[in-house]
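Please read all numbers here as calculations on a predicted model, not as lab measurements.
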There are 2 protein chains.
Amino acid sequence: MINSEKFIVTKNPTLEDAAAIIGKVLVNKKILIIVGNFKVIYNGRASSNLEYGERILIVKSDGAILIHRSFGYEPVNWQPPGSILHVQKKSNILEISAIRHNPRETLKILFDKIFMISTFSLDDFADFNLFASEKDMHKAILLKPSLIEQGFKPISYEKKVDPGFIDVYGVDKNGKLVVIEVKRKIAGKYAVLQLAKYVTAIKRKSDRDVRGVLVAPNISKGIQNLLFSLELEFIALDPKKCANLLKKPKDKKLELFFNKTF
Amino acid sequence: MINSEKFIVTKNPTLEDAAAIIGKVLVNKKILIIVGNFKVIYNGRASSNLEYGERILIVKSDGAILIHRSFGYEPVNWQPPGSILHVQKKSNILEISAIRHNPRETLKILFDKIFMISTFSLDDFADFNLFASEKDMHKAILLKPSLIEQGFKPISYEKKVDPGFIDVYGVDKNGKLVVIEVKRKIAGKYAVLQLAKYVTAIKRKSDRDVRGVLVAPNISKGIQNLLFSLELEFIALDPKKCANLLKKPKDKKLELFFNKTF
DNA sequence: ACATACATCTCGCGA
DNA sequence: TCGCGAGGTGTATGT
């Protein structure tokens, strides 16, 4: 229970003791994990009610709040970073409330039993690196346009048109304009509609021939017909292959490319 | 440390002790919370790397895995329910790995220090009730069609068309067909495209006049023009108002309505 | 602040 | 199993 300890763990505290511990944590911006029996009331964009049951509450240093049941990936209730917390003891209940603004949303957590409280800080300054995002695919195409086809030349990246952005815009070996829509997973109906919109937007502005190309690892079954009827094309490209391309020492070339202003 | 305890909390265990505790938990399908210093490697749909740092690991009864840093709503790494876990001690490192199939994805967690392990079960059988969902708006419209306009009569609910479902389909006081697309928050471009698709699908099948109506609390700014050019309409409806309507004793009437097969 | 689009989205429903 | 759409989606990136 000495405050200099990195970890303070208290089992089966009284609600009074719990209130004191939590109060200190909220001031010190430590992390808080509570396992207990509680109910949850949420009001905001929607509302929800969850009756008493045993769950896990996590309060992070930045005010993020997560309530997890014994199953599932998602928290059953939560509050995003920046929420303001209050704790108060009311007769036989310990109430933690958290408010966010814009949109205004309130979360009330009512404990009638706490099994464990744990409070601590975390030293964690590591970078998180993710590979094979859609952006990695964009970069790979710009770095090596032959991923699309021989003779393809990119003109611009994230080109603004009518209502949105064309992922990659270029010219093929015959001088036809090429509009490319990139998806990092199997492309469905919306990807095609998006592409079609961009193609028609470009066609309105130019007399030249315009090709619309959907680039993705694959397309969903029903889409082949839709693509055909809209006179659009599909070219297969795997996001992980793109990520590997970017890991190679050619990185410098890519930097140069990205430093050019289109 | 006696097994009959609901909670077992161990501070600063050796990695050997930790491995033993974790091994038992995985067999007993208990919940596991570990706070420690570890790195994380993910490979699957994408890949990621997170170097050593102090974080929280949660393993749930259903195999869901969450890794949380000291900040943010989202877990930095995770594995969904149903993942298969293994634990093993390798020289000075404790490795927990979790595999899922379809898609095949692997998560490796390498500990070099554990500050706390906590294991327990949670009794939680409460229902979670959420109000003001889009479905609540559908129900409210069916219960009280005048929310759309005087004389509107619903014909069918979630009507299957070309590639998707029309939220609510009906007839207005002049006998025109009405296709309604409902959104529970400010509607943007996609909502309009969706509605437009359904309207054209209906027009292909019928000679009657067809109206397309977007129902939402509001629409984003740029959309007004798009709606106009596509000859679609907007009607404002608040999801929370709908939820309140449904809470009233008229519930029984609604049940009757929903038990009718369209 | 508002709007748009991505996400290892997750989750549920239907075919 | 695949495909589609909702979500208190959250999060980043513009304008």
Test of understanding: with salt bridge (charged side-chain N to carboxylate O under 4.0 Å, His left out), list the residues that count as partners of [X], not counting sequence neighbours.
X	result
B:E158	none
A:E233	A:R211
B:K39	B:E51

Any pair counted as ring-ring contact (aromatic ring centres under 6.0 Å, His included), so long as it reaches residues 180-204 of chain A, sequence neighbours left out:
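Pairs touching residues 180-204 of chain A that pass the test: A:Y190-B:Y190.
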Of all pairs that satisfy ring-ring contact (aromatic ring centres under 6.0 Å, His included), the ones with a partner from residues 34-67 of chain A, not counting sequence neighbours:
A:F38-A:F111
Is there a residue in residues 219-239 of chain B whose heavy atoms reach under 4.0 Å of DNA chain D, and which residues are they?
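Result for residues 219-239 of chain B: none.
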Closest to side chain of A:F128, choosing from C:dC11, C:dT8, D:dG8:
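Side chain of A:F128 sits closest to C:dT8.
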So what does B:N77 hit on the nucleic acid, given a heavy-atom distance under 4.0 Å: a base, only sugar-phosphate, or nothing?
base
By the 4.0 Å heavy-atom rule, please label A:V76 as base, sugar-phosphate, or nothing.
nothing
If I take atom [atom1] in residue [X] and atom [atom2] in nucleotide [N], what distance separates them, rounded to the nearest angstrom?
X	N	atom1	atom2	value
A:H138	C:dC6	NE2	P	8 Å
B:L107	C:dC9	CG	P	15 Å
A:I186	D:dC4	CD1	C1'	13 Å
B:E158	C:dG14	CD	P	8 Å

Among residues two or more places apart or on two chains, list those pairs meeting side chain to side chain donor-acceptor pair (under 3.5 Å) that have a residue in residues 215-227 of chain B.
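Every pair satisfying side chain to side chain donor-acceptor pair (under 3.5 Å) with a residue in residues 215-227 of chain B: there are none.
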I need the full list of side chain to side chain donor-acceptor pair (under 3.5 Å) pairs touching residues 69-80 of chain B, with sequence neighbours left out, sorted by first then second residue.
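Output for this query lists A:D124-B:R69, B:S48-B:N77.
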List the residues meeting side-chain hydrogen bond (donor to acceptor under 3.5 Å, both in side chains) with B:K183, not counting sequence neighbours, and say none if there are none.
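For B:K183 the side-chain hydrogen bond (donor to acceptor under 3.5 Å, both in side chains) partners, ignoring immediate neighbours, are B:E181, B:Q194.
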Could I get a table of every N or O pair under 3.5 Å where one atom is in the protein and the other is in nucleotides 5-7 of chain D?
from  : atom 1 : to     : atom 2 : distance (Å)
D:dG5 : OP1    : A:K189 : NZ     : 2.8
D:dG5 : OP1    : B:Y198 : OH     : 3.3
D:dA6 : OP1    : B:K183 : NZ     : 2.8
D:dA6 : OP2    : B:K183 : NZ     : 3.2
D:dG7 : OP1    : B:E134 : N      : 2.9

Within this structure, what is the CD1-CD1 distance for the pair B:I58 and B:I67, rounded to the nearest 0.5 Å?
10.5 Å
Should we say atom CZ of B:F128 is surrounded by more than 12 heavy atoms from elsewhere, each under 6.0 Å from it?
yes
Within the supplied structure, the quantity of interest is the number of heavy atoms (other residues, nucleotides, ligands) at a distance under 6.0 Å from B:E231 CD; does it exceed 12?
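No - once you tally the heavy atoms of other residues, nucleotides and ligands closer than 6.0 Å, there are 12 at most.
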Please list residues of residues 41-68 of chain A whose heavy atoms come under 4.0 Å from any atom in DNA chain C, ordered by number; otherwise none.
none
Taking the P atom in each of D:dC4 and D:dG8, what is the distance between them to the nearest angstrom?
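Here D:dC4 and D:dG8 have their P atoms 22 Å from each other.
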Rounded distance in Å between the P positions of C:dT8 and C:dT4:
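Comparing P positions in C:dT8 and C:dT4 gives a spacing of 23 Å.
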Writing each nucleotide of DNA chain C 5' to 3' as (, ), [, ], | or . by Watson-Crick or G-U pairing under 3.5 Å yields |||||||.|||||||
If we only count heavy atoms from C-beta on, is the A:L122 to B:V35 side-chain gap below 4.5 Å?
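Side chain of A:L122 against side chain of B:V35, heavy atoms only: contact under 4.5 Å found.
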Given side chains that start at C-beta, do those of A:V199 and A:K203 come closer than 4.5 Å, heavy atoms only?
yes
Does the side-chain hydrogen bond (donor to acceptor under 3.5 Å, both in side chains) test come out yes or no for A:K30 and A:S61, once each step is laid out?
CA-CA 5 Å; A:K30 286 189 157 197; A:S61 313; over 6 Å; no
